[in-house]
Amino acid sequence: MMVDIPSELIAQLSVAKNVLVSTGAGISAESGVPTFRDAQTGMWSKFRPEELATPEAFVRNPKMVWDWYAERRDQVQAVEPNPGHDALAALQKFWSDFTLVTQNVDGLHQRAGSRDVIELHGNITRVKCAREGTHVSVWVPNEDEPPKCEKCGSYLRPDVVWFGESLPVRALEAATHAAQCCEVFFSVGTSSVVYPAAGLTDLALNQGALVVEVNPDSTPLTDRADFVLPGPSGEVLPVLAKQLGAL
Ligand code: BV8
């Protein structure tokens, strides 16, 4: 695919000082991690993620929800970051004030070398006690139900934010501050429908940031963005980084 980056965008990015990049499931698609909008496969094909990624689902069927996350945890640990992740790790060194915010829970940005990643929705490779919130790294597997916390006996659960749960306060505060201060806001690989993450874009637009969308499909942001780079992030971001001299 031929990636065409407008020269006007390159000119503005070359002199930018404060850049915020916000990513969604699309940036991990080329690593082989299904996006939320992709149809679920296998035994999960009859469920929508929104039905499984909720506290209610965990109360109703804790073992099913635990197993869904265990399968996804194995999946993300078996794949590698792709050139889109790598390009963002390189661009972090290019701009003097760079913030990376992600809705993803796969940890691939960190594995690509990005530092200080703001994880709005947690991280699927971390497990915590459902009652105390303390992180647990080892547990006794159980055929019939999720493993239990050794200290209090409550179920363990993935350290992710479910629908209807509040986002981690410090992560959301840091992301909100970055969206209010940035000169350039990149929205990469997100359908821009899940709030409050999608609201960061509105903050950036309202304070006059230059907004760039990287996505092969159109989203509710597409008509409002200053620049739209319509392609897979694993192809667009490396070309952008090379043209800026960051790769
Ligand atoms: C909250 C972790 C306060 C778990 C996730 C009614 C209206 C508006 C909002 C609400 C509402 N009712 C409730 C809400 C709030 C709700 C919400 O936004 N619902 C939506 C569905 C309407 N939000 C919440 O509940 C949040 N909490 O608000 O707390 C509160 C408290 C009580 C009651 C109400 C509110 C919590 C939201 C976090 C949920 N957890 N993940 C897990 O992973 O299992 S969300 C999960 O879905 C992801 O983390 C991600 O955020 C989201 C999916 O979005 P995307 O990342 O954008 O992925 P998607 O598949 O949608 O799109 C992929 C995109 O990539 C596409 O555009 C595609 O074209 C593109 N793409 C594909 N390939 C590529 C590509 N792009 C580039 N390159 C490619 N190669």
Side-chain angles (χ1 to χ4, degrees), residues 1 3 21-41 44 47-58 64-73 75-76 79 81-88 100-109 117-128 157-169 171-173 175-176 186-202 212-223 225 228-240:
M1 179 205 142
V3 176
V21 176
S22 177
T23 65
I27 196 166
S28 297
E30 290 154 275
S31 293
V33 180
T35 71
F36 257 69
R37 296 300 171 278
D38 287 338
Q40 295 269 24
T41 55
W44 310 110
F47 298 102
R48 289 186 315 113
E50 289 84 344
E51 291 167 330
L52 290 171
T54 67
E56 295 77 16
F58 190 59
M64 180 180 74
V65 173
W66 173 266
D67 288 348
W68 182 52
Y69 279 94
E71 197 170 299
R72 288 173 62 197
R73 189 163 47 241
Q75 196 179 58
V76 299
V79 300
N82 65 63
H85 296 107
D86 299 338
L88 289 184
L100 177 57
V101 173
T102 189
Q103 297 171 76
N104 299 340
V105 296
D106 55 33
L108 289 176
H109 283 303
V117 179
I118 298 176
E119 294 179 314
L120 290 178
H121 296 158
N123 188 310
I124 201 169
T125 62
R126 287 195 304 265
V127 168
K128 67 182 182 183
R157 58 163 281 184
D159 185 16
V160 297
V161 178
W162 281 329
F163 288 98
E165 290 186 322
S166 300
L167 275 57
V169 174
L172 184 56
E173 279 174 355
T176 301
F186 277 90
S187 176
V188 180
T190 177
S191 56
S192 295
V193 296
V194 174
Y195 284 80
L200 297 173
T201 316
D202 301 323
V212 185
E213 181 175 52
V214 180
N215 194 319
D217 301 331
S218 60
T219 73
L221 171 63
T222 306
D223 292 341
V228 176
L229 304 178
S233 47
E235 295 179 29
V236 171
L237 293 176
V239 170
L240 181 75

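Indexing begins at 1, ligand by ligand and atom by atom, following the structure's order.
Not a single protein heavy atom sits closer than 4.0 Å to atom 13 (C) of ligand 1. The presence of a protein heavy atom under 4.0 Å from atom 10 (C) of ligand 1 is ruled out. For atom 7 (C) of ligand 1, no protein heavy-atom neighbour is found at a distance under 4.0 Å. Within a 4.0 Å radius of atom 56 (O) of ligand 1, the protein has at least one heavy atom. The nearest protein heavy atom to atom 64 (C) of ligand 1 is closer than 4.0 Å. Under the 4.0 Å distance rule, the nearest protein heavy atom to atom 26 (C) of ligand 1 falls inside the cut-off.
Take N215 and apply the side chain to side chain donor-acceptor pair (under 3.5 Å) test, not counting sequence neighbours, and it matches no residue. For S187, there are no side chain to side chain donor-acceptor pair (under 3.5 Å) partners at least two apart in sequence or on another chain.
Here's the thing with Q103: one of its N/O atoms is less than 3.5 angstrom from an N/O atom of ligand 1. At under 3.5 Å, a nitrogen or oxygen of Y195, whether backbone or side chain, sits near a nitrogen or oxygen of ligand 1. The distance criterion of under 3.5 Å between nitrogen or oxygen atoms is not met by F163 with respect to ligand 1. Between G164 and ligand 1, an N or O atom pair is found at a separation short of 3.5 Å. Some N or O of E165 is nearer than 3.5 Å to an N or O of ligand 1, by distance alone. When only interatomic distances are considered, the shortest N/O to N/O separation between S233 and ligand 1 falls below 3.5 Å.
In this structure, Y69 and W162 have tilted ring planes: the angle between them lies in the 30° to 60° band.
Heavy-atom proximity to atom 68 (C) of ligand 1, evaluated over V65, N215, T190, V160, is greatest for N215.
Heavy atoms of L167 found under 4.0 angstrom from ligand 1 belong exclusively to the side chain. Only side-chain heavy atoms of V105 come within less than 4.0 Å of ligand 1; its backbone N, CA, C and O stay farther off. Counting heavy atoms under 4.0 Å from ligand 1, residue A25 touches it through both backbone and side chain. Only the side chain of R72 comes within contact range of ligand 1, with a heavy atom under 4.0 Å; no backbone atom does. Proximity of A29 to ligand 1, defined as any heavy-atom pair under 4.0 Å, is confined to the side chain (atoms from C-beta onward).
Using a 4.0 Å heavy-atom cutoff, S166 is listed among the residues neighbouring ligand 1. Taking a 4.0 Å cut-off on heavy atoms, G234 fails to register as neighbouring ligand 1.
Every atom of ligand 1 is numbered from 1 in the order shown, and the set under 4.0 Å from a heavy atom of D217 is 69 (O). Proximity to E30 (heavy-atom distance under 4.0 Å) selects the following atoms of ligand 1: 78 (N), 79 (C), 80 (N). Using a 4.0 Å cut-off to heavy atoms of P216, the atoms of ligand 1 that qualify are 71 (N), 74 (C), 75 (C), 76 (N), 77 (C), 78 (N). Applying the 4.0 Å criterion to heavy atoms of P232 picks out, from ligand 1, the atoms 78 (N), 79 (C), 80 (N). Which parts of ligand 1 touch P196 is read off a 4.0 Å heavy-atom cut-off, strictly below it: atoms 28 (O). Counting the atoms of ligand 1 from 1 in the order shown, those under 4.0 Å from a heavy atom of A53 are 44 (O).
To the nearest 0.5 Å, atoms CG (L237) and CD (E30) are separated by 9.0 Å.
Judged by the 6.0 Å distance and 45° axis criteria, R73 is positioned over the aromatic ring of W66.
Considering only non-hydrogen protein atoms, atom 44 (O) of ligand 1 sits nearest to Y69 OH, 2.6 Å. Closest to atom 4 (C) of ligand 1, if we only count protein heavy atoms, is V161 O, 3.5 Å.
In this structure, S31 contributes its side chain and N82 its backbone to a donor-acceptor pair below 3.5 Å.
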